[in-house]
There are 2 protein chains.
Amino acid sequence: MPNVKVLPLLEPDVVACCPPLNERPMSADEAEVAAKMFKALGDPVRLRLFSAVASHEGGEACVCDISDVGVSQPTVSHHLKKLKEAGLLSSERRGTWVYYRVEPAVLAAMGALLAGAAKATA
Amino acid sequence: MPNVKVLPLLEPDVVACCPPLNERPMSADEAEVAAKMFKALGDPVRLRLFSAVASHEGGEACVCDISDVGVSQPTVSHHLKKLKEAGLLSSERRGTWVYYRVEPAVLAAMGALLAGAAKATA
DNA sequence: TGTCTATGTTGACGTCTGTCGATACAGGTG
DNA sequence: CACCTGTATCGACAGACGTCAACATAGACA
């Protein structure tokens, strides 16, 4: 089995993208991919929305549960779309409501990126 | 000892800022602080510069060692300043050259933010 | 002192981004 | 079917951002 990736549709490029930040200088392509994810979390409203989903029971939440972040409904929808495009959230419609849930693999990849750098540069 | 923070000048707010993303919804203030750091890493050039510093021997590098990222010198300087303002890098002039180094505590805080969310939402 | 190199700052420019109101779409209910 | 609620899309606008050339500053050295 030369390729372990059996669910290619769910994972964005980041999961297999990048070594820890301190291992070697990132290439331009690697940086392009990884920066998209950090950028997605680089807005306060998106960070609150993401945290609201992640902390909701079951790791998923209806939009109506998390919309109270001080911006209009279209803006909430816009930010959720951005998070989805970055691979951090996935969405599913169930009847009247749309539920968003976190993508653990992508988050773990980002965490590893940082954790490695934090450890080895002390 | 009610307050363990004995080196307040070095640490930005982030270190003591935020619980794991999945613990509870982030407040507006917390999100404001944390988003600044993610945003700092949300640009490909900055990510490459940061990675170049982090992967350089000793966890520090002279600007001249890492300037080859395809943008002009003023732009490099601009991005390094942004990373510094975000608390991810610190700088020190030694003679002719300026050296940048990573701030491990801040990185660790960001990693913890993500790692917790990745683990508990699987 | 003057000059050279390394780095930071300024000002300007085009592009990207966050925000909103208006509107469209989807699904439930009557 | 009509109507209501929840969510997404569209179009527009102001402000933020990345980039550069030009200039300024700091230190080394003669």
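Just so it is clear, the model here is predicted, and its values are computed rather than measured. Lettering follows sequence order; numbering is per chain, from 1.
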Completion exercise
Picking from D:dG18, D:dT7, C:dT7, the nucleotide nearest the side-chain atoms of B:Arg46 would be D:dG18
Problem - Given C:dT7, D:dA8, C:dG18, the nucleotide with the shortest approach to the side chain of B:Cys62 - result: C:dT7
Practice task
Take atom CD of A:Glu92 and atom P of C:dA26, then tell me their distance rounded to the nearest Å.
Solution key: 17 Å
Fill in the blank from the handout: Rounded to whole Å, CZ of B:Phe38 lies from C1' of D:dC17 at a distance of 20 Å
Handout entry: Counterpart residues, side chain to side chain donor-acceptor pair (under 3.5 Å), relative to B:Arg46 (two or more places apart)
Key = B:His79
Exercise for the section: Identify whether any heavy atom of A:Tyr99 sits under 4.0 Å from a base atom; if not, whether one sits that close to sugar-phosphate; answer base, sugar-phosphate or nothing. Expected result: nothing
Practice task
Sort out for me which residue in A:Glu60, A:Arg101, A:Glu103 forms a side-chain hydrogen bond (donor to acceptor under 3.5 Å, both in side chains) with A:Ser90.
Solution key: A:Glu103
Exercise for the section: Group every Ile, Leu, Val, Met, Phe, Trp and Tyr by side-chain heavy-atom contacts under 4.5 Å, then state whether A:Leu88 and A:Val63 land in the same group. Expected result: yes
Problem - Distance, rounded to the nearest Å, where A:Trp97 contributes CH2 and D:dT5 contributes C1' - result: 9 Å
Handout entry: Side-chain N or O of B:Lys81 closer than 4.0 Å to phosphate OP1/OP2 of C:dT9
Key = yes
Problem - A:Thr96 side-chain proximity, nearest of D:dG18, D:dG6, D:dA8 - result: D:dG6
Problem - Nearest to side-chain heavy atoms of A:Asp43, which nucleotide of C:dT19, D:dG6, D:dT9 - result: C:dT19
Problem - In one Ile/Leu/Val/Met/Phe/Trp/Tyr side-chain cluster, 4.5 Å: B:Leu47, B:Val71 - result: yes
Completion exercise
Ranking C:dT7, D:dA8, D:dA21 by distance to the side chain of B:Pro74, first place goes to D:dA21
Practice task
Would you tell me if any nitrogen or oxygen in the side chain of B:Thr75 comes within less than 4.0 Å of OP1 or OP2 on D:dT19?
Solution key: no
Exercise for the section: Please work out if A:Val45 contacts a base, only the sugar-phosphate, or nothing of the nucleic acid, heavy-atom cut-off 4.0 Å. Expected result: sugar-phosphate
Problem - Candidate nucleotides C:dG18, C:dA26, C:dT7, ranked by approach to the side chain of B:Cys64 - the nearest - result: C:dT7
Problem - Gap between atoms CZ and C1', on B:Arg94 and C:dT7 respectively (whole Å) - result: 15 Å
Handout entry: Joint cluster assignment, A:Val45 & A:Val98, ILVMFWY side-chain distance < 4.5 Å
Key = yes
Fill in the blank from the handout: From the candidates D:dT19, D:dT7, C:dT19, the one with an atom nearest any side-chain atom of B:His79 is D:dT19
Handout entry: Rounded distance in Å - NE2 (A:His78) to P (C:dC16)
Key = 14 Å
Handout entry: Between C1' of C:dG18 and CD of B:Glu32, the distance in whole Å
Key = 13 Å
Completion exercise
When B:Ser67 and A:Gly42 are each assigned the nearest nucleotide of DNA chain C, the 5'-most assignment goes to B:Ser67
Practice task
May I ask you to evaluate whether A:Tyr100 reaches the phosphate of D:dG6, defined as a side-chain N or O under 4.0 Å from OP1 or OP2?
Solution key: no
Completion exercise
A:Ser72 has its side chain closest, among D:dC20, C:dC20, D:dA8, to C:dC20
Practice task
Return the value, rounded to whole Å, for the distance between atom CG of A:Leu80 and atom P of C:dT19.
Solution key: 12 Å
Exercise for the section: Examine distances only and state if a side-chain atom of A:Ser55 and a backbone atom of A:Ser51 form a donor-acceptor pair shorter than 3.5 Å. Expected result: yes
Problem - A:Arg93 CZ to C:dA26 C1', straight-line distance once rounded to whole Å - result: 5 Å
Practice task
Can you figure out which of C:dT19, D:dA21, C:dT7 approaches the side chain of B:Gln73 most closely?
Solution key: C:dT7
Practice task
Just call it for A:Lys39: base, sugar-phosphate, or nothing, with non-hydrogen atoms closer than 4.0 Å on any strand.
Solution key: sugar-phosphate
Practice task
Please tell me which of the listed nucleotides, C:dT17, C:dT19, C:dT7, lies nearest to the side chain of A:Lys82?
Solution key: C:dT17
